[in-house]
Amino acid sequence: MLARPLRLSTADAGFDEALRMRLQWSAETDAGVEDAVTTILADVQRRGDAAVLEYTNRFDATGAASVQELQLPAAELEAAFRSLPARQRSALEQAAARVRSYHEAQKKASGESWSYRDADGTLLGQKVTPVDRVGIYVPGGKAAYPSSVLMNAIPAQVAGVPEIIMVVPTPRGEKNALVLAAAHLAGVTRVFRIGGAQAIAALAFGTATVPRVDKVTGPGNAYVASAKRRVFGIVGIDMIAGPSEILVLADGSTPADWVAMDLFSQAEHDELAQGILLSPDAAYIDEVQAAIDRLLPEMPRAEIIVKSLSGRGALIHTRSMEEACEISNRIAPEHLEVASRDPHRWEPLLRHAGAIFLGAFTSESLGDYCAGPNHVLPTSTTARFSSPLGVYDFQKRSSLIEVSEAGAHKLGEIAAELAYGEGLQAHARAAEMRLKR
């Protein structure tokens, strides 16, 4: 079993087209998924709890008699936390503390209200307030993701959101203690054992048991992604995430085994995940390929890694590190590792990435779990215009305007002139009335 990422060189005549084809991925889901999601959303909106219960029992075989049975009491979350082995509990606590510390700093930097008065006494400013209630979706089934609980719930709590509603599927009723422990540690208000499109519908529309939220965040499968896309506008959403991505910029100074394993770390997520290496050192690229061949048999998820790297991976020889940075900006990856002796030399050239990992010791996996910054990141080149999930996603901003009498005279003349120019006489007269006192 061999993983053969596509070998490319920027000197090749067809490089641009070959790279474009390698990056191509459509967020569109197939017609069967769309039809199923449309039916589920409409049914939950119409029948509420009854539809949520029916779909949850059909897909997850929970055997619940009511949606109320699918809500977990806070005591069970705390019990799950207390039941963890000491090392696991400590790791979870330390990760949560680092994530909280980072988002507290983020709130202080960009999430506070502010105002000022200009020379005539007019007050202008911005009021920052949290949303009232958020829903976080945590994947279940084949894998459990306590890190997703921390990354979604902690910034919401730091932002000041009063209610955090978590939904997580529990196929055949199997609950993951680490996920529940993370919910307890992160301050989740209520947890429902519901997944899929019906969970998104319940959060967006509300039912007799599941409260309607203002925003939904968190990753999921194609059904969850389609449901989030369709309820956007009824509620806010964080993003529609595609397959996981990693791009490594390497000058040849980082051990090849480390880079190979970093490529594996994303490839093991999904056959559609993407791992790309950019390096001006052709011999080093050969070393990384050799490391891939040597280390692959050790990987429990080797079959997935092979499909990912062979189907979507690439090892690209560039003319220089400067050119590698330019190509990286074109790709705008979710995770960007700068595996260099002097990563700060290249960081100013990097404009588009979900998260930038500087230096050989900064593996992407540390960012996934415990470095502190959020691991919910834009994918599929959307880092060109999108940002990581953060405190700001759980806040909204209201403009503050208090115009003084002197200010009304000054601003009124300006506003009236522009309003007449637009043909909006009522606007103009409303401003002029304040001039006649």
Q: Glu364 and Asp368: side chain to side chain contact (heavy atoms under 4.5 Å, CB included), yes or no, with the steps?
A: CA-CA 7 Å; Glu364 181 279 331; Asp368 271 353; 2.7 Å; yes

Q: For Arg22 and Gln274, test the side chains for any donor-to-acceptor distance below 3.5 angstrom and give the result as yes or no.
A: no

Q: Side chain to side chain contact (heavy atoms under 4.5 Å, CB included) for Ser328 and Leu350? Distances and angles first, verdict last.
A: CA-CA 7 Å; Ser328 174; Leu350 301 169; 4.1 Å; yes

Q: Would you check, one step at a time, whether the test side chain to side chain contact (heavy atoms under 4.5 Å, CB included) holds for Leu263 with Ile292?
A: CA-CA 9 Å; Leu263 295 174; Ile292 290 172; 4.3 Å; yes

Q: Taking Asp281 for its side chain and Ala283 for its backbone only, find out whether a donor-acceptor pair lies under 3.5 Å.
A: yes

Q: Sequence neighbours left out, cut at 3.5 Å: what donor-acceptor pairs do the side chains of residues 307-314 make with other protein atoms?
A:
{"from": "Ser308", "atom 1": "OG", "to": "Ala273", "atom 2": "O", "distance (Å)": "2.7"}
{"from": "Ser310", "atom 1": "OG", "to": "Arg4", "atom 2": "N", "distance (Å)": "3.0"}
{"from": "Ser310", "atom 1": "OG", "to": "Val306", "atom 2": "O", "distance (Å)": "2.9"}
{"from": "Arg312", "atom 1": "NH1", "to": "Leu272", "atom 2": "O", "distance (Å)": "2.6"}
{"from": "Arg312", "atom 1": "NH2", "to": "Leu23", "atom 2": "O", "distance (Å)": "3.4"}

Q: Taking all heavy atoms of Arg301 and all of His269, pick out the closest pair and write down the distance.
A: NH2-O, 3.9 Å

Q: Do Gln266 and Ser244 have a side chain donor and acceptor closer than 3.5 Å?
A: yes

Q: Give me the atom names and distance for the closest heavy-atom approach of Phe357 to Gly367.
A: CE2-CA, 3.8 Å

Q: I'd like to know if the side chain of Glu104 reaches the main chain of Val158, judged simply by a donor and an acceptor atom lying under 3.5 Å from each other, with no hydrogens or angles considered.
A: no

Q: Are Thr10 and Glu323 linked by a side-chain donor-acceptor pair shorter than 3.5 Å?
A: yes

Q: Can you list every side-chain hydrogen bond (donor to acceptor under 3.5 Å, both in side chains) pair that touches residues 177-187, not counting sequence neighbours?
A: none

Q: Judged by atom type as modelled, is there a donor-acceptor pair below 3.5 Å linking the side chain of Ser265 to the main-chain atoms of Asp262?
A: yes

Q: Under the salt bridge (charged side-chain N to carboxylate O under 4.0 Å, His left out) criterion, do Arg82 and Glu78 qualify, and how do the steps go?
A: CA-CA 6 Å; Arg82 302 295 176 201; Glu78 184 175 359; 3.5 Å; yes

Q: Is there a donor-acceptor pair closer than 3.5 Å between any side-chain N or O of Arg212 and the backbone N or O of Phe205?
A: no

Q: With no hydrogens and no angle check, do the side chains of Ser90 and Gln94 hold a donor and an acceptor under 3.5 Å apart?
A: yes

